[in-house]
Amino acid sequence: TGRPSRYRGIDDYQHSWINDLIVSHLLGVLPHGDTGLTVHPLSLGVSAASLTGLRVAGHTVDVTGARGMFRVRVDGRQAGRGRVGEPLTVDF
């Protein structure tokens, strides 16, 4: 939701490691340098998630997932589709 934790309040400044977990595990974006990336979202019980405008090796990557499936777009073009829990390799 973007709301701060009731326990921690607004003083929680550990944003980077939480963002890293969302990008690399929940949505599963794993870059391969300049050649492409693997998208391997984990099945963590989240019904829907999306990541838009991620810059990877000079490209803009969007990942959206819902109902056990996900879609990857690179520079606005469809780059692939997959099932949550199964890796998808995308070449640039």
Side-chain angles (χ1 to χ4, degrees):
T1 65
R3 286 188 226 135
S5 164
R6 288 183 183 202
Y7 167 73
R8 298 279 310 195
I10 60 171
D11 66 338
D12 188 354
Y13 291 100
Q14 301 180 40
H15 309 157
S16 61
W17 68 271
I18 294 171
N19 288 337
D20 179 62
L21 291 175
I22 291 169
V23 172
S24 65
H25 290 78
L26 177 64
L27 291 163
V29 178
L30 307 166
H32 300 173
D34 293 340
T35 62
L37 54 92
T38 296
V39 181
H40 187 188
L42 299 178
S43 181
L44 299 172
V46 175
S47 60
S50 67
L51 175 66
T52 58
L54 179 67
R55 298 293 294 169
V56 178
H59 299 277
T60 302
V61 176
D62 302 326
V63 179
T64 57
R67 296 182 294 277
M69 301 297 290
F70 67 93
R71 181 180 63 198
V72 181
R73 297 179 73 82
V74 176
D75 299 327
R77 295 186 180 122
Q78 177 85 16
R81 294 175 180 244
R83 183 176 303 279
V84 171
E86 297 176 7
L88 171 71
T89 300
V90 176
D91 295 323
F92 295 141

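What's counted below: heavy atoms across the whole structure, side chains too, no hydrogens, waters or symmetry copies. All of these numbers come straight from a predicted model, not from anything done at the bench.
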### Query
Which residue pairs pass the ring pair (Phe, Tyr, Trp, His ring centres under 6.0 Å) test when at least one of the two sits in residues 64-85, sequence neighbours left out?
none
### Message
Rounded at 0.5 Å granularity, tell me how far CG in N19 sits from CG in L26.
### Response
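Interatomic distance, N19 CG to L26 CG, rounded to 0.5 Å: 11.5 Å.
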Hey, can you pull the donor-acceptor pairs under 3.5 Å for the side chains in residues 41-58, sequence neighbours left out?
| unit_1 | atom_1 | unit_2 | atom_2 | d |
| --- | --- | --- | --- | --- |
| R55 | NH1 | T60 | OG1 | 2.5 |
| R55 | NH2 | G58 | O | 3.2 |

### Task
Search all heavy atoms of L30 against all heavy atoms of S24 and return the closest pair with its distance.
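Looking at all heavy atoms of both residues, the closest pair is CD2-O, 4.0 Å.
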### Query
Under the side chain to side chain donor-acceptor pair (under 3.5 Å) rule, what pairs show up with a residue in residues 67-92, not counting sequence neighbours?
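Passing the test, one end in residues 67-92: H59-D75.
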### Sequence neighbours excluded - side chain to side chain donor-acceptor pair (under 3.5 Å) pairs with any residue from residues 27-39
H32-T38
